[in-house]
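Everything numeric here is computed off the predicted structure, so don't read it as measured data.
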Amino acid sequence: MAISSDIVATAALGRDGVIFLSASDLSVQHANDVATKMLEKLALGLKAGTALKQFLALLSREATFTDSNGVEAVRKALQEIGKKGEHDLPPFSVADVRIAWRKSDGPAGLIALQLCDVTRSEALARNLSDHKFFIQHLIDVLPIPIYVKNIDGIINRCNTAFSDFIGCKLDAVLGRKSSDVAPAMLDATMNRMEQPLLKAEGNVRDEITFEREDGTPKAAIFAASTLKTPSGAIGGTIGSLIDITSLKKAEAEVAGAAARLTDILQKAPIGVGISDRETGKFLFFNKTFVELLGIEVGNREDTAKDDLDDANRKMTLTDATDSILLSERYREKSLFEMDAMGELHDVELRIRPTGAKEARWLRTSLEPLPFEGQEAVLWWVADITKQKMASRELQNKANNDELTGLANRARFMQKLNHCESVLRGTDTPAAVFLLDLDGFKQVNDTLGHAAGDWVLIETARRLVRAARRADEVARLGGDEFTMVFINKGRAAEMTKIAGAILKAMAEPYVWEGKPCPIGASIGISVFDGGFCDMSEQLRRADKAMYEAKLAGKGRYVVYDAEKDVDLNED
C-alpha cells in the first residue's frame, strides 16, 4: 500500500523515530529518517515491504534487551503489536544507544511504532538548563529543514538541513533576512503565508513549489506557526520545509505511465474493457471495444460524442454491463471457471449489436483484476467473424457441390451412413433415388460447357422443388443426381414423387434462346429399415436407373429383387 505524502511529512516532523506498519499483513511501510539513523544496523529490516517478523528477527540478533533475552523480548513485542490500542514494548540498546518504544494505532489504518532515543533524550534534558542554546540545539537535532524568524523577517535560528535546502552555507543564512538568501519564488511564498501569523496566533500548512537560483525545480510541504516571546507577544515565526521533490517526481512518472498505458489501450486494435466483478458495470473500455459491441457511449465531462478519439478523455459506458456479452447464467459459470483457472481464454461468443443486420462472432478472454480499489474483470475482445465465415465457407465447399449448391458425394455418403445407423432394426420405410440426365452429352458437345453447366444448375433447382420432401438431394458427379427419403411412404408414394420429378424434367430447357433436349431416367430402391445396407440400396437404385435407360429413357423404374440376376445367382 502507498503512504500519502501528508503522513510522510508528519512523520518527518517528529524528533522520535517512527515506523509505520500495514495493519493487514504487519509489513513495514515507511520509516522516518530518525528511525533509520537510530537503527542504522537494522537498515535491511526497515525497507518497505519487509515483514515485521523479519525485522524482529534481525532486532533479536543486533540489539541487547534490558529485561530479557532477544527471543523472549521480540516474542513479547510481537504479541503487544498485535493488540489494539497503545502498548509499551520491551526496551533495548543498539550500538550503545538506549531506545524505548511503544506501539500505537497510526493514521489511515496503519500501526505506528514510536522509538525514543533515551540516550539523546537524557542529553537534551541536561541542556534544558541552558536556555541560550536550547532552541538552536532543538532545531539542529531535527532532520528536516527548520528556521526561526523574528518579527522583522530575520532568520536568527536554522539548521543545516534548512541552509542546504535553499542552497546556502549555514553561516551565510543566520542573521540575514530570508529575502537575501532564499530563492525569490520561495521567499515570496513563505512571506505571504506567514503574514497572518504575525498578526494573530495560528499556523499554516501547504504544499508549495519553487525554483532554486540554479533553476532546479523543488517541491515541499511548508508548515509555519506563530512564535511568542516570554511575555506572550508575537515575536516571529517558526517554520519547516519538507522536501517532497522526489515523491512528486515519482507520482508524475506513475501518472505519466498510466496515461501512456491508457493511450496505448485506447489505440489498441483489440477491444479492452474492465467491468465491476459484482455488478458487471463497465468501468473502462477503449474505442475498439465500443465499435465491436456497437454500443452507445457517454463521458463524465458530458462532451460531444465526436471527441471519442481523444485517448486521454475519461469515458464511461451508458448503463452498460457485461450482460451485453454474457447471460446471467453463463456469467456465473464463466466467473467460476475464471476463478478456478486464474483466467479464461478463447471464449467464443455470438452477438448481434443493436441495429446491426448480421450477427458478429467475438473471441474473448477474462482475467481477474483489481481496479480503482475494487474487484474487477479484464476483458480482451477480438472480432473473429471473418475467420468464422471463412471456416464456414470451407466447410460448405467440402460438403456442397460448387456448381449447383447441392450436397456433394461426400456429404451424401455421410447422410446415408447416418440413416443406416438410425434405421437399422426398424420397419421404417425408406427409398433411394438415382437420376441420370438423358441427352446431356449432346448438349455439352453442341452448345458447349457453359450450356451444360446451366443445365446442371437448372436441374438442381427443379429437383429441389419437385423432391421437396427428400431428406437430402445431392449431385454425385457429372449429370448424376441422387435423393434419399426417410419415412415418407412406400413404393406407391415414391412413384408419385418420381412422376412429379419426371414432369419437372420434361419442361423445356432453353439456354440463351436455344432449346436443350434434356430428359431424365430415374432408378428407385424402396426398402424397410430392417434391411438398410445403404451401399447396397444405392447399387440397386443404380441398377434400376440403367433399366430405365434401356427401356427407352425418360421414365422411372423401381428395383425388383426377383429380376436382379446377380442377386439371384448369389
Side-chain angles (χ1 to χ4, degrees), residues 3-18 20 30-38 40 117 120 124 127 133-198 202-227 235-251:
I3 301 291
S4 72
S5 58
D6 287 350
I7 294 177
V8 172
T10 303
L13 284 170
R15 68 178 181 181
D16 291 338
V18 178
F20 286 121
H30 175 72
N32 68 359
D33 289 344
V34 178
T36 303
K37 290 180 181 178
M38 190 182 299
E40 187 175 0
D117 184 342
R120 189 180 69 176
L124 286 174
N127 289 332
F133 300 103
F134 170 66
I135 295 179
Q136 185 63 52
H137 184 77
L138 180 63
I139 292 173
D140 286 339
V141 298
L142 291 173
I144 61 173
I146 296 288
Y147 69 90
V148 176
K149 281 185 186 180
N150 63 21
I151 196 109
D152 297 319
I154 295 174
I155 302 173
N156 50 35
R157 294 285 187 274
C158 75
N159 59 6
T160 305
F162 177 78
S163 61
D164 290 343
F165 184 75
I166 63 175
C168 295
K169 297 287 187 181
L170 180 63
D171 293 342
V173 176
L174 291 173
R176 303 184 66 182
K177 285 191 173 185
S178 62
S179 59
D180 296 332
V181 293
M185 187 183 302
L186 173 61
D187 179 63
T189 301
M190 291 168 59
N191 285 336
R192 175 176 54 81
M193 298 179 70
E194 289 172 333
Q195 284 305 309
L197 305 179
L198 297 176
N203 55 74
V204 294
R205 186 177 184 281
D206 200 0
E207 185 178 304
I208 64 172
T209 58
F210 65 96
E211 286 187 1
R212 295 207 322 195
E213 297 301 335
D214 60 2
T216 304
K218 303 290 284 185
I221 300 293
F222 173 68
S225 299
T226 302
L227 191 63
T237 57
I238 180 169
S240 66
L241 289 159
I242 301 171
D243 191 350
I244 58 169
T245 306
S246 298
L247 180 61
K248 298 301 288 185
K249 183 178 179 181
E251 289 177 350

Set of salt bridge (Lys or Arg N to Asp or Glu O under 4.0 Å) partners for Asp117, sequence neighbours left out:
none

With sequence neighbours left out, write down each residue that passes side chain to side chain contact (heavy atoms under 4.5 Å, CB included) with Ala161, or none if nothing qualifies.
Pro145, Asn159

Partner residues of Thr216 under the side-chain hydrogen bond (donor to acceptor under 3.5 Å, both in side chains) criterion, sequence neighbours left out:
Asp214

Asp16: side-chain hydrogen bond (donor to acceptor under 3.5 Å, both in side chains) partners, not counting sequence neighbours:
none

Set of ring pair (Phe, Tyr, Trp, His ring centres under 6.0 Å) partners for Phe210, sequence neighbours left out:
Phe165

Closest heavy-atom contact between Pro196 and Met193?
CD-O, 3.5 Å

For Glu40, is the CD atom crowded, meaning more than 12 foreign heavy atoms sit under 6.0 Å from it?
no

Asp152 side chain vs Ile154 backbone, donor-acceptor pair below 3.5 Å
no

Rounded to the nearest 0.5 Å, what's the gap from CD on Glu194 to OG on Ser225? Could you check?
10.5 Å

Can you list the residues that meet the salt bridge (Lys or Arg N to Asp or Glu O under 4.0 Å) rule with Glu207, with sequence neighbours excluded?
Lys248

Inter-residue atom distance Ile144.CD1 - Ile242.CD1, 0.5 Å rounding
4.5 Å

Side chain to side chain contact (heavy atoms under 4.5 Å, CB included) filter on Asp164, not counting sequence neighbours, yields Thr160

Quick check on side chain to side chain contact (heavy atoms under 4.5 Å, CB included): which of Ile244, Thr209, Asp243 does Lys218 satisfy it with?
Asp243

Run the side chain to side chain contact (heavy atoms under 4.5 Å, CB included) check on Leu186 and Ile208 step by step: do they pass?
CA-CA 8 Å; Leu186 173 61; Ile208 64 172; 3.6 Å; yes

Not counting sequence neighbours, which residues clear side-chain hydrogen bond (donor to acceptor under 3.5 Å, both in side chains) with Ser240? List them please.
none

With a 3.5 Å cut-off and sequence neighbours excluded, list the donor-acceptor pairs that the side chains of residues 173-183 form with protein atoms.
unit_1 : atom_1 : unit_2 : atom_2 : d
Ser178 : OG     : Lys149 : NZ     : 3.0
Ser178 : OG     : Asp187 : OD1    : 2.4

Taking all heavy atoms of Asp33 and all of Pro143, pick out the closest pair and write down the distance.
CB-CB, 4.2 Å

Do Arg15 and Val34 have side chains that get closer than 4.5 Å, going by heavy atoms?
no

Just jot down the ring pair (Phe, Tyr, Trp, His ring centres under 6.0 Å) partners of Phe20, sequence neighbours excluded, or say none.
none

Distance (rounded to the nearest 0.5 Å) between Leu241 CG and Thr189 OG1
10.0 Å

Measuring from atom CG of Asn191 to atom CG of Leu198, what distance do you get when rounded to the nearest 0.5 angstrom?
9.0 Å

Looking only at heavy atoms, the pair that brings Cys158 and Leu170 closest together is SG-CD1, 3.4 Å

Once you round to the nearest 0.5 Å, how far does OG1 of Thr237 lie from CD of Gln195?
9.5 Å

